[in-house]
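Note that the numbering runs from 1 along the sequence shown for the chain.
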Amino acid sequence: MHELTRRPVLQLAGLTRTYRQGNRTVQVLAGASADLYAGEAVALVGPSGAGKSTLLHIAGLLETPDSGRVIVDGRDCSAMSDEERTRIRRTTMGFVYQFHQLLPEFSAIENVVIPQMIRGCSRRQAEARGRELLAAVGLGHRLDHRPAELSGGEQQRTAICRALANSPKILLADEPTGNLDPATAEQVFSELIELVVRTGVAALIATHNMELAARMHRVLRLEGGVLVEVAPGTVG
């Protein structure tokens with residue numbers, strides 16, 4: 001595992017978020033705070049409806065908190081313009097969702113190449129990076145297959161490679177194995193953690209799978225709108 005840097009790559013400081021549901025005001029986050037460091041996989045757990053997806057959206061600068069700060073690689077994003085936030089997402093963050101969201105008309109390698117070319121990478125460099133990542137998750141022989149020709153696990157592994165294609169410093173994953181059978185989920189999870197360690201990315205991974213959560217470097221439980229770190233061995 002990469003040695004953790006002293007300065008967090010991602011800091012969530014005192015995040016609050018409320019929503020209106022009819023005549024009710026529902027507080028989802030009530031001062032949630034956490035630090036994430038390079039090379040570690042952090043599980044985000046909590047009951048359904050606790051606000052895990054909301055927290056990930058705020059951490060990924062896709063949603064704005066009512067109060068609190070999101071600090072990415074030492075930069076406070078609180079007062080940034082939408083354009084600046086978009087630039088940080090593109091250059092610093094990768095996202096993995098429960099459903100792979102691959103582009104169906106493109107092959108596995110093309111799905112990994114396209115984000116790199118959008119960022120300005122040459123096709124030759126992008127394809128080399130794509131082959132390297134896909135080979136690392138056992139898909140070196142499936143490069144030219146479209147998503148419909150891949151299994152669920154292969155699709156999700158391709159989505160993970162796409163998220164890591166631009167060498168982000170932060171990886172945010174929302175139930176990345178939630179749509180897979182247990183055996184496939186185990187395989188995809190193991191490969192994901194291996195890539196986190198190998199690339200040195202800081203990963204925040206929301207999951208309902210307590211067995212997988214217990215195998216990550218740290219576990220944060222979101223309940224009552226706040227984050228509490230719990231020992232991985234006590235998750236359940």
Side-chain angles (χ1 to χ4, degrees), residues 1-13 33-45 55-56 58-62 70-77 85-97 100 109 111-122 125-140 156-177 186-207 212-220 227 229 232:
M1 179 177 172
H2 290 248
E3 184 178 352
L4 302 185
T5 59
R6 289 186 177 181
R7 187 179 75 177
V9 178
L10 175 65
Q11 295 173 271
L12 309 176
S33 299
D35 292 341
L36 271 76
Y37 296 86
E40 67 169 353
V42 178
L44 176 62
V45 303
L55 182 73
L56 287 175
I58 291 174
L61 307 181
L62 295 166
V70 177
I71 301 171
V72 176
D73 202 21
R75 293 169 291 180
D76 190 342
C77 303
R85 292 160 67 89
T86 298
R87 180 176 56 79
I88 288 180
R89 282 198 303 273
R90 288 178 176 172
T91 59
T92 311
M93 298 181 174
F95 299 86
V96 182
Y97 303 97
H100 56 78
I109 185 71
N111 268 278
V112 181
V113 162
I114 288 171
Q116 299 177 73
M117 294 186 66
I118 290 173
R119 190 174 173 184
C121 187
S122 72
Q125 290 174 315
E127 286 183 347
R129 171 72 171 166
R131 290 191 188 96
E132 176 189 356
L133 286 169
L134 288 165
V137 296
L139 294 180
Q156 197 63 321
R157 298 207 296 270
T158 302
I160 290 168
C161 292
R162 178 185 58 185
L164 293 172
N166 282 325
S167 300
K169 293 187 176 183
I170 298 164
L171 180 69
L172 301 172
D174 196 354
E175 297 288 347
T177 61
E186 165 68 26
Q187 183 179 6
V188 170
F189 171 80
S190 296
E191 291 167 348
L192 172 58
I193 300 304
E194 183 178 341
L195 281 171
V196 167
V197 173
R198 180 185 303 179
T199 61
V201 70
L204 182 60
I205 304 169
T207 182
L212 297 185
R215 290 169 51 196
M216 296 192 213
H217 299 106
R218 290 194 290 134
V219 179
L220 297 175
L227 287 167
E229 184 162 349

Is it the case that over 12 heavy atoms from other parts of the model lie below 6.0 angstrom from the CZ atom of Arg119?
yes

Separation between CZ (Arg90) and CG (Asn166), nearest 0.5 Å, reads 10.5 Å

Grab the two heavy atoms, one from Cys121 and one from Ala126, that are nearest each other, plus how far apart they are.
SG-N, 3.6 Å

Run the side-chain contact (heavy atoms from CB on, under 4.5 Å) test on Arg7 and Asp73 for me, step by step, so that the C-alpha distance in whole Å, both residues' side-chain angles and the decisive distance to 0.1 Å come before the verdict.
CA-CA 8 Å; Arg7 187 179 75 177; Asp73 202 21; 3.1 Å; yes

Ile193, Ile160, Val96 screened by side chain to side chain contact (heavy atoms under 4.5 Å, CB included) with Val188, the one that passes
Ile160

Does one side chain, of Ser190 or Glu186, offer a donor that lies under 3.5 Å from an acceptor on the other?
yes

Taking Asn111 for its side chain and Arg162 for its backbone only, find out whether a donor-acceptor pair lies under 3.5 Å.
no

Which distance, rounded to the nearest 0.5 Å, do you find between the CZ of Phe95 and the CG of Leu172?
5.5 Å

So how far is it from Leu139 CG to Glu191 CD, rounded to the nearest 0.5 Å?
7.5 Å

With a 4.5 Å heavy-atom cut-off, do Gln156 and Val137 have their side chains touching?
no

Arg85 and Leu61: which non-hydrogen atoms are nearest, and at how many Å?
NH2-O, 3.5 Å

Please report the C-alpha distance between Leu195 and Arg157 in whole Å, then the side-chain angles of each, then the deciding distance to 0.1 Å, and finally whether the side-chain contact (heavy atoms from CB on, under 4.5 Å) criterion is met.
CA-CA 11 Å; Leu195 281 171; Arg157 298 207 296 270; over 6 Å; no

So which atom in Ala213 and which in Val219 form the shortest heavy-atom distance, rounded to 0.1 Å?
O-CG2, 3.3 Å

Check whether any side-chain heavy atom of Val72 sits under 4.5 Å from a side-chain heavy atom of Leu10, and report yes or no.
yes

Determine, step by step, whether Gln11 and Val70 satisfy the side-chain contact (heavy atoms from CB on, under 4.5 Å) criterion, reporting the C-alpha distance in whole Å, the side-chain angles of both residues, the deciding distance to 0.1 Å, and the verdict.
CA-CA 6 Å; Gln11 295 173 271; Val70 177; over 6 Å; no

Counting only N and O atoms by type, is there a donor-acceptor contact under 3.5 Å from the side chain of Glu127 to the main-chain atoms of Val113?
no

For residues Pro168 and Gly94, report the shortest heavy-atom separation together with the two atoms involved.
CB-N, 3.6 Å

Do Glu132 and Arg129 have side chains that get closer than 4.5 Å, going by heavy atoms?
yes

Which pair of non-hydrogen atoms, one from Leu212 and one from Phe189, has the smallest distance, and what is that distance?
O-CZ, 3.3 Å

I need the His217 NE2 to Leu36 CG distance, nearest 0.5 Å.
12.0 Å

Is there a side-chain contact (heavy atoms from CB on, under 4.5 Å) between Leu227 and Leu55? Walk through the geometry before answering.
CA-CA 10 Å; Leu227 287 167; Leu55 182 73; 3.9 Å; yes

Gln116 side chain vs Val112 backbone, donor-acceptor pair below 3.5 Å
yes

Here the gap from Thr177 atom OG1 to Gln187 atom CD, rounded to the nearest 0.5 Å, amounts to 12.0 Å

Donor-acceptor under 3.5 Å (Arg218 side chain, Val42 main chain):
no

So do Leu171 and Leu192 actually touch side chain to side chain, heavy atoms under 4.5 Å?
yes

Any non-hydrogen side-chain atom of Thr158 less than 4.5 Å from a side-chain atom of Leu134?
yes

Can you see which heavy atom on Ala38 is nearest to which on Gly200, and at what distance?
CB-O, 3.3 Å

